[in-house]
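By convention in this document, chain letters (A, B, ...) are assigned in the order of the sequence lines, proteins followed by strands, and residues within each chain are numbered from 1.
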Amino acid sequence: MQKKAENKMFKASWAYDEAPESTNHIQLKKQYDLYIDGKFTKPVKGQYFDTIDPSTNEKIASVAEATSEDIDKAVEAAKKAFVGWSKLSGKERGKYIFRIARLIQERAREFAVIESLDGGKPIRESRDIDIPLAANHFFYYAGWADKLAYAFPNRSPKPIGVVGQIIPWNFPLLMAAWKLAPALATGNTIVLKPAETTPLTALKLAEIIHESGLPKGVVNIVTGAGETGAAIVNHPNVDKIAFTGSTNVGKYIQKAIAGTHKKLTLELGGKGANIIFEDAAIDQAVEGIINAIFFNQGHVCCAGSRLFVQESVAKLVIDKLKIRMETLIVGNPLDKNTDIGAINSKKQLQTIENYIKIGLNEGSEIYQADCKLPAKGNWCAPTLFLNVSQSHRIVQEEIFGPVLAIQTFRTIDEVIEKANNTPYGLSAGVWTQNGAKIFHLTQKLKAGVVWANTFNKFDPTSPFGGTNESGFGREGGLHGLKPYVKFD
Amino acid sequence: MIPNLDNLPVYDTAGVNERIARFCSRSIKSNSKLEGLRLALSMVDLTTLEGKDTTGKVKQICYKAMHPHDSLKNIPTVAAVCVYPAQVANAVNALKGSGIQVASVATAFPSGQSSLEVKLLDTKFAVDQGANEIDMVISRGQFLAGNYQYVFDEIVAVKKVCGQAHLKVILETGELDTLDNVRKASELAIYAGADFIKTSTGKIQPAATMQVTYVMLDAIKDYYIKTGKMIGMKPAGGISTSKIALQYLVMLNEVLGEKWMNKNYFRFGASSLVNDILMQLVKAETGNYQSSNYFSKD
């Protein structure tokens, strides 16, 4: 094993002073209610829960917990609103969506800070990726609103009705945008539930939607945990469910709606294979590994959490990766220089720590970057596991944290077999300077997205989604409209 | 012996650009900024390379090198003054006792389109005049034609003539076309005995870019991993503001780290950069930006 000191031979000495993004420009209320029928409404049962800052575990605000009574009200409001909204011309619907997009842009800085505060992701990511992409999704689908006839020529697409949308905590605003924008563009009305650990940007989005003058009841935002979600899924007047989250919950939803008229799209877990060939641009591939697994603390369903390196360059790549990991800055999510922020919740941290234990018990070799972690809050140092095999649990199961399992391979067929040897099928990455190899691999890899010489890149025009236990249905692009329309 | 150039790392431009965007988005504030500015100032090779350079002009620039801004306390002098061979004696004289190095361009700078004999004589003349550092240019024509052995031998020969003087090898990356070529030329220069590798003459656009500097730092890094020997880096041309200089330092800090963060292993070939750094340092002290007329232009 390489000595730890050797990875520090290029250790940075120039420590950057703190550069925290200011929080004095954000407006947060102490308590948030449910956004139902165009009004902020108190929950029927009057229950609230705390949303906390995972970097300090301090409370930020209390948020209403919606029960089935509240969901009844929300679905009722959406059903009523559907009559007018679905008849509105595409051009008029588009205007509202454009307005929402512009309002997000105008308040991008505030959104970015709240996203990092509530979810723990570095401000660099919320500022440069989450928020701009969310606005872009609204812009993109606003453009489709009056062109649906061209998206589905000669098929006269019609909206489905009331859509229940349940989104995860890893990209709170972005996932809300992915779900809301196409549903609105196609003329559906919505009941959306953000995750219980990260409800704030969705509630700020409710304020923006209110400001945009969107007819009441078209978008309803209800907060709560699993039971709230279940109430949406099981509500008889919901016509479609769109869910992004864990595979277990996805399976539950599919069982729950079996035999009903409800349509379903699921975007679930993943265990993405990131494949580095010997003819890759090694230095950029190392960056790609970092982006694939440490982006958003590894809380990414399409994370490249299984690394396959061709044997001839394995030592080189792993040595370089270790050296590079020593320069990653882990800490305050609001600091502009932070590379890796806080783990989203105590519960998730326990899950990750448990998997690290499992990895050690399975006899894998662990390497963790030697970084200072803050005393308070939920933190996990970037972690590698070496000497693992396909039979290790840390290779098979989604960890959803900054933990990478590294294997080596010798031939193309071998790596294709191993990469596909997973119940999931969401993402994969291929690193080579050989174009033919890229095309060969993209045909053979069973994954919804295959990136070549890059990883974790998203664009509103590009469809995203999985196969097998990673779910079905696409979000983004022209394909993202289809789950929200029905044909005569 | 000439290194094996067949198995060199290759570079993906999109990936390099992405990495560089990350360096540029680092937020350098308060003390770390002052530290960075002072460090950058101490790394400058204050340069004048013009046909119209006179003895008087070089003397003035040497004074500026020693006294960048006397009203500011605790600021370093620049690292070196860089001139043509004909001005070396003049600069040596003007900088006597200051500890500032005299660098001279040589080998038919900037094009290098001459015979080896002439180049060696050019170098010998600069060294004899008292230059401590020689900035040579490689034969880009020979390089692009694939005559790597020629380029390698030429650097070896110049290094020999340099004697005690440090050798900086200018790759003129603006003429090398690809990042892979930059890596190849870096490799040739390092194995042929360069103490420093340098991006550009400043006479060709583009001059230094963060992309080519990144690739050269990567070559230095790999060489250090392999041999334990440290090679210096000098981006030159186009680095005219403190902001850009700090971005280069962030890159240096995060690619090569601590050991390289000093003037023995990193230089900026620049002239107008100095006044911009001074302006920032004065701003930090007084809270106000002063007009450029408060800073001497030599």
If you count heavy-atom pairs under 4.5 Å between each of B:Leu249, B:Val250, B:Asp180 and chain A, which one has the most?
B:Val250

B:Asn253 side chain to A:Trp14 main-chain N or O, any donor-acceptor pair under 3.5 Å?
yes

Given heavy-atom pairs under 4.5 angstrom as the criterion, report whether the side chain, backbone, both or neither of A:Ala15 touches chain B.
backbone

So which of B:Met261, B:Lys29, B:Arg19 has the biggest tally of heavy-atom pairs under 4.5 Å with chain A?
B:Arg19

Heavy-atom pairs under 4.5 Å with chain B - which of A:Val313, A:Thr327, A:Asp17 has more of them than the others?
A:Asp17

SB check A:Lys121 A:Glu115 (cutoff 4.0 Å):
no

With a 4.5 angstrom heavy-atom cut-off, is it the side chain or the backbone of A:Asn291 that approaches chain B, or both, or neither?
side chain

So which residue, A:Arg124, A:Lys11, A:Gln433, A:Lys336, ends up with the most heavy-atom pairs under 4.5 Å with chain B?
A:Arg124

Give the member of B:Leu39, B:Leu252, B:Asp222 that has the highest number of heavy-atom pairs under 4.5 Å with chain A.
B:Asp222

Nearest heavy-atom pair of A:Asn7 and A:Asp319: which atoms, and what distance?
OD1-O, 4.4 Å

B:Leu179 versus chain A, heavy atoms under 4.5 Å apart: side chain, backbone, both or neither?
neither

Report the option among B:Gly257, B:Ser27, B:Gly15 that has the most heavy-atom pairs separated by less than 4.5 Å from atoms of chain A.
B:Ser27

When B:Glu18, B:Glu35, B:Lys221 are compared by non-hydrogen pairs under 4.5 Å with chain A, the top option:
B:Lys221

Carboxylate-amine/guanidinium contact B:Glu133 B:Arg267, below 4.0 Å:
yes

Intermediate values then yes/no, side-chain contact (heavy atoms from CB on, under 4.5 Å), B:His69 and B:Asn275
CA-CA 9 Å; B:His69 199 71; B:Asn275 275 0; over 6 Å; no

Between B:Arg26 and B:Glu254, does any NZ, NE, NH1 or NH2 come within less than 4.0 Å of an OD or OE carboxylate oxygen?
yes

Is it true that the side chains of B:Ser272 and B:Ser240 contain a donor and an acceptor less than 3.5 Å apart?
no

Identify which part of A:Asn337 has an atom lying under 4.5 Å from any heavy atom of chain B, answering side chain, backbone, both or neither.
both

Segment of B:Asp12 engaging chain A (4.5 angstrom heavy-atom cut-off)
both

Looking at B:Tyr223, is its backbone amide N or carbonyl O close enough to the side chain of B:Thr227 to form a donor-acceptor pair, meaning the two atoms are under 3.5 Å apart?
yes

